[in-house]
Amino acid sequence: QVQLVESGGGLVQAGGSLRLSCAASGSIFSINAMGWYRQAPGKQRDLVAGITSGGSTNYADSVKGRFTISRDNAKNTVYLQMNSLKPEDEAVYYCKADVTLTSRSRTDYWGQGTQVTVSS
(Lines give C-alpha, C1' and ligand atoms only; values in the text may rest on other atoms or scores of the structure.)
Protein backbone atom coordinates (compact mmCIF):
# COMPACT_ATOMS: atom_id res chain seq x y z
CA GLN A 1 0.00 0.00 0.00
CA VAL A 2 2.90 2.34 0.80
CA GLN A 3 6.40 1.89 -0.48
CA LEU A 4 9.56 3.67 0.60
CA VAL A 5 12.39 3.43 -1.91
CA GLU A 6 15.87 4.42 -0.81
CA SER A 7 18.81 5.43 -2.94
CA GLY A 8 22.20 7.07 -2.64
CA GLY A 9 24.19 4.63 -0.61
CA GLY A 10 27.59 3.41 -1.64
CA LEU A 11 31.29 3.43 -0.92
CA VAL A 12 33.01 6.62 0.16
CA GLN A 13 36.35 7.49 1.70
CA ALA A 14 36.53 8.82 5.21
CA GLY A 15 35.94 12.55 5.12
CA GLY A 16 33.74 12.29 2.07
CA SER A 17 30.05 12.87 1.56
CA LEU A 18 26.94 11.04 0.46
CA ARG A 19 23.33 12.04 0.10
CA LEU A 20 20.62 9.49 0.76
CA SER A 21 17.12 9.83 -0.60
CA CYS A 22 13.91 8.08 0.36
CA ALA A 23 10.74 8.52 -1.66
CA ALA A 24 7.35 7.37 -0.42
CA SER A 25 4.49 6.42 -2.70
CA GLY A 26 1.13 4.72 -2.46
CA SER A 27 -2.14 5.41 -0.72
CA ILE A 28 -0.84 8.36 1.24
CA PHE A 29 -3.02 11.00 2.77
CA SER A 30 -0.19 12.70 4.59
CA ILE A 31 3.20 11.96 6.04
CA ASN A 32 3.93 13.04 9.55
CA ALA A 33 7.44 12.54 10.88
CA MET A 34 10.15 10.95 8.75
CA GLY A 35 13.50 9.70 9.88
CA TRP A 36 16.71 7.91 9.11
CA TYR A 37 17.97 4.98 11.14
CA ARG A 38 21.08 2.89 10.82
CA GLN A 39 22.11 -0.57 11.83
CA ALA A 40 25.64 -1.90 11.89
CA PRO A 41 26.33 -5.65 12.08
CA GLY A 42 25.61 -6.99 15.53
CA LYS A 43 24.07 -3.73 16.71
CA GLN A 44 20.54 -2.50 17.13
CA ARG A 45 18.84 -0.12 14.76
CA ASP A 46 19.18 3.43 16.08
CA LEU A 47 17.79 6.78 15.10
CA VAL A 48 20.21 8.97 13.16
CA ALA A 49 17.99 11.93 12.37
CA GLY A 50 14.32 12.79 12.37
CA ILE A 51 12.20 15.53 10.89
CA THR A 52 8.62 16.49 11.59
CA SER A 53 6.06 17.57 9.04
CA GLY A 54 6.77 21.14 10.09
CA GLY A 55 10.49 20.82 9.54
CA SER A 56 11.76 20.46 13.10
CA THR A 57 14.81 18.20 13.24
CA ASN A 58 16.67 16.13 15.75
CA TYR A 59 19.94 14.23 15.46
CA ALA A 60 21.88 11.59 17.25
CA ASP A 61 24.79 13.15 19.09
CA SER A 62 27.23 11.17 16.98
CA VAL A 63 26.17 12.91 13.76
CA LYS A 64 25.37 16.43 14.91
CA GLY A 65 27.18 18.99 12.83
CA ARG A 66 27.93 16.49 10.07
CA PHE A 67 24.56 15.20 8.86
CA THR A 68 21.55 17.19 7.73
CA ILE A 69 18.06 15.81 7.30
CA SER A 70 15.58 17.55 5.03
CA ARG A 71 12.34 16.78 3.26
CA ASP A 72 10.41 17.75 0.17
CA ASN A 73 6.77 17.38 1.03
CA ALA A 74 5.65 17.82 -2.58
CA LYS A 75 7.70 14.75 -3.50
CA ASN A 76 7.08 12.78 -0.30
CA THR A 77 10.82 12.47 -0.06
CA VAL A 78 13.27 12.71 2.80
CA TYR A 79 17.00 13.24 2.39
CA LEU A 80 20.04 12.72 4.52
CA GLN A 81 23.11 14.73 3.59
CA MET A 82 26.11 13.07 5.20
CA ASN A 83 29.36 15.01 5.33
CA SER A 84 32.71 14.31 6.97
CA LEU A 85 31.92 10.62 7.01
CA LYS A 86 33.75 8.41 9.47
CA PRO A 87 34.29 4.66 9.49
CA GLU A 88 31.95 4.54 12.47
CA ASP A 89 29.14 5.70 10.18
CA GLU A 90 29.31 2.50 8.15
CA ALA A 91 25.95 0.75 8.39
CA VAL A 92 22.77 -0.06 6.55
CA TYR A 93 20.63 3.06 6.58
CA TYR A 94 16.86 2.78 6.70
CA CYS A 95 14.28 5.48 6.25
CA LYS A 96 10.99 5.47 8.10
CA ALA A 97 7.81 7.40 7.51
CA ASP A 98 4.88 7.89 9.85
CA VAL A 99 2.09 7.75 7.29
CA THR A 100 -1.57 8.59 7.47
CA LEU A 101 -3.21 6.53 4.75
CA THR A 102 -6.11 7.63 2.61
CA SER A 103 -8.22 5.40 4.84
CA ARG A 104 -7.09 7.70 7.68
CA SER A 105 -5.34 4.92 9.50
CA ARG A 106 -1.81 5.72 10.64
CA THR A 107 1.22 3.47 10.66
CA ASP A 108 4.97 3.39 10.18
CA TYR A 109 6.60 2.22 6.96
CA TRP A 110 10.24 1.34 6.41
CA GLY A 111 12.50 1.53 3.41
CA GLN A 112 14.47 -1.46 2.18
CA GLY A 113 17.79 -0.19 3.51
CA THR A 114 20.84 1.10 1.70
CA GLN A 115 24.43 0.24 2.51
CA VAL A 116 26.88 2.99 3.39
CA THR A 117 30.49 1.88 3.42
CA VAL A 118 33.24 4.21 4.61
CA SER A 119 36.83 3.32 3.84
CA SER A 120 39.70 4.54 5.97
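- Of the inter-residue distances, the one linking T77 atom OG1 with M34 atom CE reads 7.0 Å to the nearest 0.5 angstrom.
- Between the CG atom in N73 and the CG atom in N76 there is a gap of 7.5 Å [rounded to 0.5 Å].
- Between Q3 and Q112 the shortest side-chain heavy-atom distance does not fall below 4.5 Å.
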task: Go through the steps to decide whether I69 and Y59 satisfy the test side chain to side chain contact (heavy atoms under 4.5 Å, CB included), and finish with yes or no.
output: CA-CA 9 Å; I69 188 170; Y59 298 91; 3.5 Å; yes
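- Q115 is listed as a side-chain neighbour of E90, based on a closest heavy-atom distance under 4.5 Å.
- With contacts defined as side-chain heavy-atom distances shorter than 4.5 Å, the pair L20/T114 qualifies.
- Separating the CD atom in Q81 from the OG atom in S70 is a distance of 8.0 Å, to the nearest 0.5 Å.
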task: Run the numbers on L47 and N58 for side chain to side chain contact (heavy atoms under 4.5 Å, CB included), then give the verdict.
output: CA-CA 9 Å; L47 176 70; N58 64 287; 3.4 Å; yes
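- Looking at heavy atoms from C-beta onward, N83 lies out of side-chain contact with F67 at the 4.5 angstrom threshold.
- A cation-pi arrangement is present between R104 and F29, with the terminal nitrogen or guanidinium carbon under 6.0 Å from the aromatic centre and inside a 45° cone about the axis.
- In this structure, R45 forms a cation-pi arrangement with Y94, its terminal cationic atom sitting closer than 6.0 Å to the ring centre and no more than 45° off the ring axis.
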task: With side chain to side chain contact (heavy atoms under 4.5 Å, CB included) as the test, would you mind laying out the steps for D89 and M82 before giving the verdict?
output: CA-CA 9 Å; D89 298 318; M82 304 185 294; 6.0 Å; no
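- No chain of hydrophobic side-chain contacts below 4.5 Å, direct or via other Ile, Leu, Val, Met, Phe, Trp or Tyr residues, connects L80 to V92.
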message: N32 vs T100, test: side chain to side chain donor-acceptor pair (under 3.5 Å). Steps then yes/no.
response: CA-CA 7 Å; N32 307 299; T100 299; 3.3 Å; yes
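- For the pair V2 and I28, the minimum side-chain heavy-atom distance is below 4.5 Å.
- When hydrophobic clusters are built by joining Ile, Leu, Val, Met, Phe, Trp and Tyr residues whose side-chain heavy atoms come closer than 4.5 Å, directly or via intermediates, Y93 is grouped together with L18.
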task: Might you work through the side chain to side chain contact (heavy atoms under 4.5 Å, CB included) test for W110 and L4, ending with a clear yes or no?
output: CA-CA 6 Å; W110 289 88; L4 272 61; 5.8 Å; no
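- Using modelled atom types and a 3.5 Å distance limit, the side chains of K96 and Y37 yield a donor-acceptor pair.
- Hydrophobic clustering (side-chain heavy atoms under 4.5 Å, transitive across Ile, Leu, Val, Met, Phe, Trp, Tyr) keeps L85 apart from Y79.
- Counting heavy atoms from C-beta on, the side chains of D98 and R106 come closer than 4.5 Å.
- Environment of CD in Q13: sparse, with no more than 12 heavy atoms of neighbouring residues, nucleotides or ligands closer than 6.0 Å.
- Residues V118 and P87 come closest through the heavy atom pair CG1-N, 3.7 Å.
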